[in-house]
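A short worksheet on the structure shown next.
Sequence lines set the chain letters: A, B, ... in the order given, protein chains first and strands last, and positions in each chain run from 1. If you're wondering where the values come from, they're calculated on a predicted model, not measured in any experiment.
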Amino acid sequence: MSISDISTSIGNIHLSNPLILASGILDENGHTMKRILSEGAAAVVTKSIGMEERNGYKPPIVATDDPIFINAVGLPNPGINDVGEEIKIARESGKPIIGSIFGKDENEFIHLAVKMQEYGVSAVELNLSCPHVKGFGSEIGGDPTLVKKIVKGVKGSISIPAWAKLSPNVTNLLDIAIAASDSDALVLINTVRGMKIDIYSGRPVLSNKVGGLSGSSIKPVGIRCVYEVKSNLDIPVIGVGGIESALDAVEYIMAGATAVQIGTALWKYGRAVFSKVSMELVEFMSSEGYEKIEEFRGIALK
Amino acid sequence: MSISDISTSIGNIHLSNPLILASGILDENGHTMKRILSEGAAAVVTKSIGMEERNGYKPPIVATDDPIFINAVGLPNPGINDVGEEIKIARESGKPIIGSIFGKDENEFIHLAVKMQEYGVSAVELNLSCPHVKGFGSEIGGDPTLVKKIVKGVKGSISIPAWAKLSPNVTNLLDIAIAASDSDALVLINTVRGMKIDIYSGRPVLSNKVGGLSGSSIKPVGIRCVYEVKSNLDIPVIGVGGIESALDAVEYIMAGATAVQIGTALWKYGRAVFSKVSMELVEFMSSEGYEKIEEFRGIALK
Amino acid sequence: MINSIRILRNEINTPTVNSLYFHWDAMVEPGQFVMVWVPGISEIPMSLSLTGKEKCLTVKKYGDTSNALSKVEPGERIFFRGPYGKPFTRVKGKTLLVGGGSGMASLRPLIDKNASGVVAARSSDELLFKELFAKDRITVATDDGSEGIKGNIVDAMREIELEAFEMIYVCGPERMIKSIVDFVSVRKINMELSLERNMKCGIGICDSCSIDGFQLCTDGPTFNLSTVLTMKEFGRTKLAESGKRIWF
Amino acid sequence: MINSIRILRNEINTPTVNSLYFHWDAMVEPGQFVMVWVPGISEIPMSLSLTGKEKCLTVKKYGDTSNALSKVEPGERIFFRGPYGKPFTRVKGKTLLVGGGSGMASLRPLIDKNASGVVAARSSDELLFKELFAKDRITVATDDGSEGIKGNIVDAMREIELEAFEMIYVCGPERMIKSIVDFVSVRKINMELSLERNMKCGIGICDSCSIDGFQLCTDGPTFNLSTVLTMKEFGRTKLAESGKRIWF
Ligand SMILES: Cc1cc2nc3c(=O)[nH]c(=O)nc-3n(C[C@H](O)[C@H](O)[C@H](O)COP(=O)(O)OP(=O)(O)OC[C@H]3O[C@@H](n4cnc5c(N)ncnc54)[C@H](O)[C@@H]3O)c2cc1C
Ligand SMILES: Cc1cc2nc3c(=O)[nH]c(=O)nc-3n(C[C@H](O)[C@H](O)[C@H](O)COP(=O)(O)OP(=O)(O)OC[C@H]3O[C@@H](n4cnc5c(N)ncnc54)[C@H](O)[C@@H]3O)c2cc1C
Ligand SMILES: Cc1cc2nc3c(=O)[nH]c(=O)nc-3n(C[C@H](O)[C@H](O)[C@H](O)COP(=O)(O)O)c2cc1C
Ligand SMILES: Cc1cc2nc3c(=O)[nH]c(=O)nc-3n(C[C@H](O)[C@H](O)[C@H](O)COP(=O)(O)O)c2cc1C
Ligand code: FES
Ligand code: FES
């Protein structure tokens with residue numbers, strides 16, 4: 001049997017493997033992104049970038065209890081004006097950089113997207129879904145009208161693809177997905193709103209109290225969201241949430257995902273997670289007799 | 001130090017310990033409920049009961065991969081007319097039986113609640129939140145107007161307490177909690193919508209495809225919901241979601257819960273989970289110098 | 001976790017029973033079962049009819065799921081989770097294995113040089129695994145008298161000195177087990193009975209297999225005689241798919 | 001998981017440094033650290049200054065969090081998670097421990113009969129743990145000349161035959177480490193350096209401690225000299241709390 005081909009494409013963006021670094025995990029510093037790309041990620045999404053510099057929340061910003069992982073980082077970022085330098089460093093890798101952005105309205109999103117395009121990113125990812133920062137989370141990502149406006153506005157202002165990243169913390173995901181369907185791909189899912197209290201101090205652990213649950217605990221939620229959207233809409237979907245192994249990635253792909261993102265798994269496996277999952281994927285595909293990813297993409301939808 | 005007192009009360013319902021069997025887990029058959037009560041649960045909530053007999057979904061009804069637990073049982077139940085016999089058997093225990101009910105509108109809920117009262121339950125629990133049965137889940141539990149109407153209608157028709165069980169699968173839980181605040185207590189949370197695909201068959205595991213995630217993975221979501229509601233509303237809350245040990249129960253109580261329910265943990269610990277958690281709770285309280293549960297209830301809210 | 005394992009061979013045992021052989025390196029003890037998923041159809045409990053390194057499912061064709069399962073071909077996969085349930089208690093001395101319907105499947109791993117058997121079926125060609133016992137150690141009953149005693153399993157048991165056995169293992173449909181329990185009643189014998197009930201979850205969550213507050217899937221399926229004698233629901237009422245109490 | 005452990009005693013080491021002693025039965029190696037949470041204030045990285053059965057945090061009072069931590073009284077709890085990070089490499093022969101600021105905290109578990117020390121501080125009363133070395137094995141430098149050499153840590157190191165040591169361990173603020181690295185440069189010595197940077201997560205997720213694509217919290221905090229010499233960001237730029245690149 002010929003060796004399995006694990007490459008994939010999202011629109012015109014070609015990926016040597018289907019594994020992308022998720023936004024917010026080791027992707028503020030240009031050198032960090034470059035190193036992760038050199039160690040096996042096919043692409044990286046930057047930390048979500050806003051109009052102004054933001055410090056984010058005070059530590060503790062993570063509350064962990066394996067496999068539970070909750071974060072409330074609070075969207076720290078250097079601001080759009082200063083991020084260009086980091087993207088420049090990351091681009092030395094020659095691999096696609098996706099610029100994640102967040103704003104409070106259509107105009108901010110457009111400004112940020114245009115700047116990102118200037119910096120040479122391959123696509124922008126609209127973070128419509130941060131679950132724990134007031135004004136940027138469900139206030140935006142839970143409102144179909146606003147989502148539609150932002151996506152339309154951004155699409156009309158740039159020539160590179162725009163992906164819309166949605167939240168699972170909504171009553172009806174499909175409504176939001178339809179509202180965002182002018183985008184070139186949907187990214188599902190952001191974190192699930194959660195919280196941890198330390199019972200010996202009697203205090204919420206995170207300085208922001210509420211945070212976002214990620215990692216293996218939310219994989220079933222991510223799979224459900226991808227499946228639900230792909231059952232109803234014909235739009236590329238990028239799966240994210242709890243992927244730690246090729247088996248997890250395959251589950252997302254069988255639910256219809258074109259590619260996947262990995263974040264929290266770096267906690268357990270470090271940057272090596274990308275080469276690990278790639279290797280496992282080749283192994284899975286050759287033992288199951290798949291030569292290309294397309295052969296099993298979306299098969300659970302039938 | 002005197003021995004710690006782990007009793008609690010929800011309104012006029014006195015519980016010898018704060019641990020209640022959650023709806024849907026080993027609570028269809030009267031003898032089963034009676035046995036669980038004799039082995040340490042302070043009270044049981046029945047399986048959710050509707051107007052007519054319902055078979056529920058075909059197996060597989062559970063998809064498990066420790067600690068992931070997803071179910072789509074599909075609300076099987078004998079129907080309100082035949083459940084009286086089971087409740088009668090369960091009541092021989094002398095402990096409180098809570099009758100869980102689900103319906104598609106106000107009138108059904110009222111009819112069911114009145115019947116439950118006739119059967120001698122100590123309270124009814126309105127299941128406004130089954131995440132995977134069309135017509136009974138988010139269609140109801142995600143609509144504040146309908147929730148308000150159902151709660152008001154039921155409260156006007158019975159003299160026993162009515163608890164409202166809410167779903168975390170909503171954009172804004174607080175809106176729903178406010179709508180349900182005419183009830184005597186809120187029960188938080190029902191399962192989180194999730195799904196599992198088997199990658200060797202390429203098929204969703206559950207016959208219903210989508211199910212509800214429960215167990216330890218959703219504890220952070222449950223804690224967040226209880227905390228969010230108790231930070232804003234002055235109503236008794238019963239915490240449920242992922243409780244396996246006294247430490248989990250204490251976390252809910254510190255978030256403001258008056259009592260807790262346990263479901264999925266029976267998977268790992270069997271019926272013995274109730275006596276296990278009770279013992280652990282006494283241990284925790286005496287080592288931390290607490291004599292009564294009230295001393296630490298809600299301390300994380302301050 | 002769902003095991004997905006390719007079967008090695010599919011053996012026809014009787015016109016209505018097939019055995020699927022496969023390798024599965026899990027520790028399983030006689031009496032335990034797995035939940036077998038036939039994608040697109042349903043999921044059903046099945047005992048392991050071999051518990052060594054090579055495992056086996058012995059499937060009697062009742063309905064859609066067991067029919068589909070019985071048709072799995074060598075090289076194709078079966079999907080199952082487990083093992084679940086409490087095994088039979090092993091003893092050193094002479095044993096008697098009493099199986100009706102597909103019940104012999106779960107007793108098969110107990111067949112050894114100390115074991116005698118009682119096998120019952122409607123007619124001769126449906127007698128399962130009787131050939132695995134030594135000729136002088138097997139008692140057979142058929143409803144139509146086509147082989148052995150004409151009669152039911154209790155009629156066959158009447159022929160046997162039950163007190164001579166260190167342990168009597170029984171497996172079959174509840175109605176059959178009920179007749180055996182009524183027959184032996186409070187006689188001084190050691191008996192373990194593997195019960196069969198509707199199972200949906202297999203892991204002690206859904207209440208569909210319950211009997212007197214015990215869950216067959218976790219507290220059983222094997223129970224000793226004295227426990228079964230205390231069960232008020234045994235042989236009388238069970239739960240329908242809906243959870244409704246129904247009478248046998 | 002957050003450990004919450006009552007401290008046994010709080011020892012004053014210098015006017016700005018306290019040590020908190022406690023029992024914690026975790027395997028920790030010299031150079032590793034924990035993330036210490038002071039509820040209501042913040043969470044900061046702290047090296048273990050004892051790594052046997054009795055553990056110790058040695059806290060220099062910089063800001064709110066370290067000040068609050070330094071006031072924890074015997075019987076009160078500290079909250080922390082870990083241990084995290086790559087430890088120092090242990091060697092058999094003679095070692096030199098070079099610590100500035102609170103740096104001596106993480107070096108303290110390495111003090112043994114083979115160890116010599118270089119301790120620097122602003123003035124005499126801020127010299128940390130110098131008394132733990134044999135009199136003839138310690139070199140001291142103070143900015144104000146109140147004890148030892150008047151000068152900085154590099155001035156003290158000039159007095160010492162560095163090639164004589166099997167390993168030189170260095171810990172302190174990046175600026176100080178930079179001056180040491182510039183000083184020793186490509187000399188043929190074995191040196192490991194424990195770096196300090198802003199840390200938010202401690203577990204390789206948030207990028208706030210990164211240097212040249214390495215995460216201090218997981219790839220470090222200890223690095224060998226040759227790795228540090230390849231780092232383009234070392235001593236030049238770091239990340240502000242926002243993630244913005246700032247110059248030293
Ligand atoms: C612990 C346990 C272990 C089991 N081990 C085995 C085993 O090793 N081999 C095996 O073949 N079966 C075994 N069974 C029984 C098996 O689970 C059922 O045969 C199966 O559920 C039938 O499913 P189906 O979808 O094919 O038939 P269904 O569509 O469910 O049933 C079709 C018809 O057959 C009847 N029927 C179904 N099951 C039985 C039964 N057990 N006895 C009598 N009539 C029945 C039904 O009432 C119906 O009329 C076991 C059951 C339990 C609880
Ligand atoms: C791996 C690692 C191990 C560490 N081990 C120890 C240890 O064992 N003992 C210990 O006391 N500290 C140690 N630190 C440093 C410690 O984390 C900081 O002192 C702490 O973060 C200060 O927090 P704060 O809130 O008290 O001060 P902040 O409010 O953060 O700072 C107050 C002022 O002090 C300055 N400051 C803060 N930290 C330092 C520093 N490290 N060096 C110089 N100036 C500083 C700030 O720039 C600011 O001006 C370690 C750091 C790392 C990365
Ligand atoms: C520490 C942390 C920071 C994150 N920051 C962002 C962010 O800035 N923008 C964003 O769109 N998603 C952010 N996320 C969400 C992740 O990109 C991802 O959607 C989520 O963590 C689920 O994937 P995982 O389980 O692989 O981590 C963050 C997640 C974590 C854990
Ligand atoms: C198998 C199963 C069946 C359930 N059935 C019901 C039900 O009928 N009505 C209801 O309100 N909740 C039902 N639930 C939800 C539980 O009562 C509970 O809210 C949820 O499982 C979270 O608690 P846990 O993590 O302790 O299981 C069910 C949960 C499970 C696992
Ligand atoms: S099959 Fe569900 S409890 Fe036994
Ligand atoms: S402190 Fe977060 S990556 Fe190191």
Item to complete: Give, for atom SG of C:Cys201 and atom CG of B:Leu266, the distance between the pair rounded to the nearest 0.5 Å.
Response: 10.5 Å

Discussion item. Can you confirm whether C:Ile211 sits close enough to B:His31 that some side-chain heavy atom of one is under 4.5 Å from a side-chain heavy atom of the other?
Written reply: no

Fill in: Ion pair C:Asp212/B:Arg35, N-O distance below 4.0 Å
no

Fill in: Inter-residue atom distance C:Ile205.CD1 - B:Trp267.CH2, 0.5 Å rounding
8.5 Å

Discussion item. Is B:Asp27 close to chain C through its backbone or its side chain, or both, or neither, when contacts mean heavy atoms under 4.5 Å?
Written reply: backbone

Fill in: Structural part of B:Thr264 lying under 4.5 Å from a heavy atom of chain C
backbone

Discussion item. Taking side chain as everything from C-beta outward and backbone as N, CA, C, O, which of these in B:Ile89 sits under 4.5 Å from a heavy atom of chain C? Side chain, backbone, both or neither.
Written reply: side chain

Worksheet item: Can you check whether B:Arg271 reaches C:Phe214 side chain to side chain, under 4.5 Å on heavy atoms?
Response: yes

Discussion item. At a 4.5 Å cut-off on heavy atoms, which part of B:Asn29 comes close to chain C: side chain, backbone, both, or neither?
Written reply: both

Discussion item. I'd like to verify something: which residue of B:Pro60, B:Pro76, B:Ser207 has the highest number of heavy-atom pairs under 4.5 Å with chain C?
Written reply: B:Pro60

Worksheet item: So which heavy atom on B:Gly30 is nearest to which on C:Arg245, and how close?
Response: N-NH2, 4.2 Å

Worksheet item: To the nearest 0.5 Å, what is the distance between CD (C:Glu241) and OH (B:Tyr57)?
Response: 13.5 Å

Practice prompt. Check whether any side-chain heavy atom of B:Val205 lies under 4.5 Å from a side-chain heavy atom of C:Phe79, and answer yes or no.
Written response: no

Worksheet item: Does atom CG of B:Asn107 have more than 12 heavy-atom neighbours from other groups under 6.0 Å away?
Response: yes

Fill in: Part of C:Leu239 lying under 4.5 Å from any heavy atom of chain B
side chain

Fill in: Value rounded to 0.5 Å, distance of OH in B:Tyr200 from CD1 in C:Ile5
11.0 Å

Practice prompt. Return the minimal non-hydrogen interatomic distance between B:Ile61 and C:Cys206, and the atom names on each side.
Written response: CD1-CB, 4.0 Å

Worksheet, complete the sentence: When every non-hydrogen atom of B:Pro78 is compared with those of C:Lys244, the smallest separation belongs to CB-CA, 3.6 Å

Discussion item. Closer than 3.5 angstrom, by distance alone: can the side chain of C:Asp207 be matched with the main-chain N or O of B:Glu28 as a donor-acceptor pair?
Written reply: yes

Worksheet entry | Note, C:Ser242 side chain near B:Glu53 side chain (heavy atom, < 4.5 Å) | yes

Response to the item:
Between C:Lys200 and B:Asn55 the two heavy atoms that sit nearest each other are NZ-O, 3.1 Å

Worksheet item: With a 4.5 angstrom heavy-atom cut-off, which part of C:Ser4 approaches chain B: side chain, backbone, both or neither?
Response: side chain

Item to complete: Considering non-hydrogen atoms only, spot the tightest contact between B:Asp198 and C:Trp37 and give its length.
Response: CB-CZ3, 3.6 Å

Item to complete: Sort B:Ser201 into side chain, backbone, both or neither according to what part of it lies under 4.5 angstrom from a heavy atom of chain C.
Response: both

Worksheet entry | Minimum side-chain heavy-atom gap C:Glu43-B:Lys58 below 4.5 Å | no

Worksheet item: Where on C:Glu233 is there a heavy atom nearer than 4.5 Å to chain B: the side chain, the backbone, both, or neither?
Response: side chain

Item to complete: Under 4.5 Å, counting heavy-atom pairs only, tell me which of B:Thr32, B:Leu26, B:Asp65 racks up the most with chain C.
Response: B:Leu26

Worksheet item: Taking all non-hydrogen atoms of both residues, which atom of C:Arg81 and which atom of B:Val62 are closest, and how far apart?
Response: NH2-CG2, 3.5 Å

Item to complete: Examine whether an atom of B:Glu85 lies under 4.5 Å from a heavy atom of chain C, and if so say whether it belongs to the side chain, the backbone or both; otherwise answer neither.
Response: side chain

